[in-house]
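To start, the structure under review is shown below, and the notes come after it.
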Protein chains: 2
Amino acid sequence: MIVDAAVRCFYQHGYDGSSVRDIAQEAGVTPAALYHYYSSKQNLLVDIIARFMASSIDKTEAALRRAGPDPVARLFAAAQAHVLWNASDVASSFIVNSEIRSLEPAHREQNIAQRDRLQRLFDACVEEGCAEGVFTAPWPLEASRAVVVMCTFVARWYRESGPLSPEEIAWRYGHMALSLVGATRGPRFEPPTYESESVNAP
Amino acid sequence: MIVDAAVRCFYQHGYDGSSVRDIAQEAGVTPAALYHYYSSKQNLLVDIIARFMASSIDKTEAALRRAGPDPVARLFAAAQAHVLWNASDVASSFIVNSEIRSLEPAHREQNIAQRDRLQRLFDACVEEGCAEGVFTAPWPLEASRAVVVMCTFVARWYRESGPLSPEEIAWRYGHMALSLVGATRGPRFEPPTYESESVNAP
């Protein structure tokens, strides 16, 4: 598929380092055939970035819906979803997070709007948690941004050959996100721990 | 200076998107003059990345030396230093963190060694803190990696025109790093709080 070939080229050589001819060759089509589907290299980049961002938003919103009203469960779910999505396509994640520079001004504005929308989903979680007193972060929006950044950039080091599955990494990052915002408890769905006299007391 | 021109070119267009001719033009010299100082474009990239990484390590080590033996103070200082260094040169930070792909194999190995060395400085802090019981992170090395990532990628959004100074951002990230590793207290140099009977008891 042409878009997959473009992802491979941009991932390896960058946008300015990849010509339409390179992408067509990688896709096994002629440049003319490529132009039949995409009027320009810019449109290919816009397609890759806008779709990836739209899915980032969709997946985060779906996770939030499933999580219900508890801010702890919401942030935990959103962070997990964001890790899973970025780890699922490290090449596109890389392009989305390194080729904003190559978007023409109108497309860059659309991209900023999508990024803001994604960030606000996390911001709302963190602010709700702070308002309810279950998060204690002194700078909620800084913490929220750091959560998105650390989850996004899992794609920079995650490889399928690594020791942990994406699900295990996402689980850990869900907990680390809660730690980062100073959560006073874990998600409610975790099994409760019972104090017992047989457990060694402090 | 030629290296500054190369940073501007690689930052804007990527390594494969910048020719020696582009860099020479940006530097206001002839390609022949450029080749007098750098035998290849690859050597320019190696120089930019290796120097930035060496300074990352130096600045972190210096911060650790100043911080003394307390793991809380050490992680706080290391995170701050890493934010300040990356915010001080967002263009080089971007290149260092997006053009590993463009390093030839031998240079890539050197780069991985430098990255590992930097990461281990943070890992040692976090492991010391866990051993002393002042950090409670269930996955110390994951938390340590997340600290480095969130501090490194401050360079992706920090701009001089923003509302916060680099020092203020670094201060917040120092605290967020402690939060991320589940620190049970702040750095010791913070003013102690005294319980008093006049304060409302629980």
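Below, chain A is the first sequence line, B the second, and so on; all start at residue 1. Values in this document were obtained by computation on a predicted structure and should not be read as measured data.
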Heavy atoms from other residues, nucleotides or ligands near CZ of R21(A) exceed 12 (cutoff 6.0 Å): no
Per-residue contacts, residues 112-120 of chain B versus chain A, heavy atoms under 4.5 Å: none
Which heavy atom of Y173(A) sits nearest to which heavy atom of A146(B), and what is that distance? OH-CB, 4.0 Å
By residue number, those in residues 148-168 of chain B with heavy atoms under 4.5 Å from heavy atoms of chain A are V149(B), M150(B), F153(B), R156(B), W157(B), L164(B)
In terms of heavy-atom contacts, G182(B) and S179(A) come closest through N-OG, 3.9 Å
Close contacts, residues 4-12 of chain B versus chain A, judged by heavy atoms under 4.5 Å: F10(B), Y11(B), Q12(B)
Which residues in residues 24-31 of chain A have any heavy atom lying under 4.5 Å from a heavy atom of chain B? none
Using a cut-off of 6.0 Å, state whether more than 12 heavy atoms not belonging to Q42(B) lie near its atom CD. yes
Measuring from S98(B):OG to N97(A):CG, what's the distance to the nearest 0.5 Å? 11.0 Å
What residue in E142(A), M176(A), R145(A) has the most heavy-atom pairs under 4.5 Å with chain B? R145(A)
